[in-house]
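Because only heavy atoms are used, hydrogens play no part in the values below, and waters and symmetry mates are left out as well, while side chains stay in. In what follows, every chain begins at residue 1, and chains take the letters A, B, ... in the order their sequences are listed.
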Amino acid sequence: MKPDSSPIKSPKVKKEDKASKKRKSLESEDEDFKPVSKAKKAKKEVKKEKKGSDKKGSASSGTESSPKKRVKKEKEEEREVWKWWEEEKKDDGVKWKTLEHKGPVFAPPYEPLPDNVKFYYDGKQMKLAEETEEVATFYGKMLDHDYTTKDAFNTNFFRDWKKVMTKAEKEVITDLKKCNFKEICEYFKMKSEERKAMSKDQKKEIKEANEAITKEYGFCIIDGHKEKIGNFRIEPPGLFRGRGEHPKQGMLKRRVQAEDIIINCGKDSEIPEAPKGHKWKEVRHDNQVTWLASWNENIQGQTKYIMLNAASKLKGEKDWAKYEVARKLHKCVDKIRANYHEDFKSKEMRIRQRAVALYFIDKLALRAGNEKEEGETADTVGCCSLRVEHTKLYEEKDSKPYVVEFDFLGKDSIRYTNAIPVEKRVFKNLELFTQNKQPSDDLFDRLNTTILNKHLHDLMEGLTAKVFRTYNASRTLQEQLNLLTDPDDPVASKILSYNRANRAVAVLCNHQRAVPKTFAKSMQNMMTKIEDKKKTIQEAKRNVKDAKVDYKQSKSEKNRSNLDRKKKILERLEEQLQKLEVAATDRDENKDIALGTSKLNYLDPRISVAWCKKFDVPIEKIYNKTQREKFRWAIDMATAEFQF
DNA sequence: ACTAAGACTTGGAACAATCTTA
DNA sequence: TAAGATTGTTCCAAGTCTTAGT
């Protein structure tokens, strides 16, 4: 489970890889594209700019390009960056003072199929009414997808499709199996090929049009600062794709109109204009919330929101606060652990259940596990909603005592399997909890997330079940980094160590992914490369040997330098081989593990930033551009000494 | 106390852009 | 230079937790 505690030493890497260089140059162009904001903002932020903003770390980016350009770039940044983290923050529920935006972008209207693309029912061609056809295209587009093989999906789709059919259509189309969507499917595939095959100019045109939309609708002005919106496009209509065995999969997600949308903006701001001939459902001015627009989605009846980008103040501040709560937990976690250990022995069943559940949440980073409405969603569980059937108890397994085996579907129907030895008291309690119960009964029948969180709140202000996940994730990263990083390693090896630490967290949080389709092949490629390298090494070794012989025979300067040269070549090759092997290992270890979620949501960025600063690893190696924007607060404030 | 609604975070897959390779 | 691989971005579903309503 845990990564090797001995970091793999890999050779020194002198050259910076091409990829990152190219990326860098692109980024600087991007900076220039950024919108220029008002002048009054500029002076306010300039004064906040610190003197020695960046001492090291940028050393490797060398190049020092042309001084002129650098100056210009820095100026832009000064003007743009809102260092909100240096401002005082209030906790009064007011999220903003002023908020102005242009409203959401709607999905493009339906474009009817050309006449040569036909739909057939029972072998006979059939022209569908526009709305019927639109819904048919939703299905046709998904013909190659696994979804269309599922009964629930097909049943739900057909039911909803019939609802939009004309009376006449309804009478004819009575069996989904007799529907032929082939040409529709082909048509959209062809369209997508066409798009890919477009000329450079055409692509550029489209790109520019998109950028223009983003420029207009992708930003808002909040408290005098221009900030990116996260999702300013309304979700287009389509077929609902639930995860796992979702009972509602295939249902028609209807088109959202202005009449469905509530706009939220400042009282004195300009109200966004609804599309021609339309009116907003409502315009309100609620500064206790962070969303700009919302609507109700028709599948689950949930509210959907348009909110700010992760790099915004509103999101960043919340993120920062989240990690501060987790750090606070660090200070009292010993006490809390002692506390639930005590509770294992409680006379009250509900207390014991609470204690054991908390033990799992703490030890295994399980999610809280709210109840869900049956039949509305896929059958998934978290800690508090575990059922008897999700665990197996073994007095002894693999020569370990008191093993609990978990097997259940968690969030997004991702399977969680784990067999862990637990303390005897926990084990005995679990036996007690399962006594006289059916497999489908709740394991913790006296517990739910509300009860658990209420208790946690008493233990520490702001403490909830999910804080343990954040806490243990960040803690694991910090510990693994401390353990794995060798200051004498070259950057590449340090990064491998970082990835391994990150991986340990992803494993803890059960962040899985489907093995990439190209995995086997790309692994194969790496292996052949390694084999090739080994062969060249053999050759190089022979060369060294020969040179040695020559040198022994005649200790001339020429032979000596030749030997040295051959040795150098061999050394280089061996370094390259190691690097390849390390990369292969890294990839293999990572094939079914997703690092993104933990990096973005669970790991205090200050840990990573501090690590980079301490070990002279450029931050770009760890965070890409978007991530750097999101974590700007951490990059700016964390010093090498920061410890979680 | 209980439920439902609301607000916000977390999650993997799909899609798009870019890079590498044959 | 097109195809294939890799990386970055968008999408939107599915959680958590709080608040409002009864």
Just checking, Lys226(A) and Phe219(A): is the charged tip under 6.0 Å from the six-membered ring centre and within 45° of the axis?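 Positive - Lys226(A) is close enough to the ring of Phe219(A) and near enough to its axis.
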
Could you tell me whether Lys141(A) sits above the aromatic face of Phe188(A), with NZ or CZ closer than 6.0 angstrom to the six-membered ring centre and within 45 degrees of the axis? yes

Shortest side-chain distance from His246(A), nucleotide among dT9(C), dA14(C), dT6(C): dA14(C)

With a 4.0 Å cut-off, would you call Glu235(A) and Lys304(A) a salt bridge?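 Counted as a salt bridge, because a side-chain N and a carboxylate O are separated by less than 4.0 Å.
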
Lys/Arg N to Asp/Glu carboxylate O, Asp442(A) vs Arg387(A), below 4.0 Å: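 No.
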
Rounded to whole Å, how long is the line connecting atom [atom1] of [X] with atom [atom2] of [N]?
X         : N       : atom1 : atom2 : result
Glu211(A) : dT9(C)  : CD    : P     : 14 Å
Lys191(A) : dC15(B) : NZ    : P     : 17 Å
Ile299(A) : dA14(C) : CD1   : P     : 11 Å
Ile213(A) : dT10(C) : CD1   : P     : 14 Å
Phe468(A) : dT16(C) : CZ    : P     : 15 Å
Ile306(A) : dT10(C) : CD1   : C1'   : 14 Å
Asn453(A) : dC2(B)  : CG    : P     : 16 Å
Met142(A) : dC12(C) : CE    : P     : 12 Å

Do the side-chain N or O atoms of [X] get closer than 4.0 angstrom to the phosphate oxygens (OP1, OP2) of [N]?
X         : N       : answer
Lys372(A) : dG15(C) : yes
Thr377(A) : dA14(C) : no
Lys196(A) : dC15(B) : no
Thr626(A) : dG8(C)  : no
Lys529(A) : dT21(B) : yes
Ser522(A) : dT6(C)  : yes
Asn370(A) : dG15(C) : no

Of all residues at least two apart in sequence or in a different chain, which pass the side-chain hydrogen bond (donor to acceptor under 3.5 Å, both in side chains) check with Glu259(A)?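 side-chain hydrogen bond (donor to acceptor under 3.5 Å, both in side chains) list for Glu259(A), sorted by chain: His278(A).
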
Answer with base, sugar-phosphate or nothing: what part of the nucleic acid does [X] contact at a heavy-atom distance below 4.0 Å?
X         : value
Asn231(A) : nothing
Lys454(A) : nothing
Thr380(A) : sugar-phosphate
Gly369(A) : sugar-phosphate
Ala465(A) : sugar-phosphate

Name the residue closer to the 5' end of DNA chain C, choosing between Gly244(A) and Lys521(A) according to the nucleotide with the nearest heavy atom. Lys521(A)

Considering heavy-atom distances to DNA chain C, does Gly382(A) or Gln627(A) have its closest nucleotide positioned more toward the 5' end?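 That would be Gln627(A).
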
Restricting to non-hydrogen atoms, name the atom on Asn309(A) and the atom on Lys315(A) that form the minimum distance, rounded to 0.1 Å.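 It is O-CG, 3.4 Å.
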
Ring centres under 6.0 angstrom apart (Tyr139(A), Phe157(A)):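 Yes - the distance between ring centres of Tyr139(A) and Phe157(A) falls below the 6.0 Å cut-off.
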
His285(A) side chain to Asn264(A) main-chain N or O, any donor-acceptor pair under 3.5 Å? no

Reading nucleotides 3-13 of chain B from 5' to 3' and marking B where a protein heavy atom lies under 4.0 Å of the base, S where only the sugar-phosphate is that close, and - otherwise, the string is ---SBBSBBBS

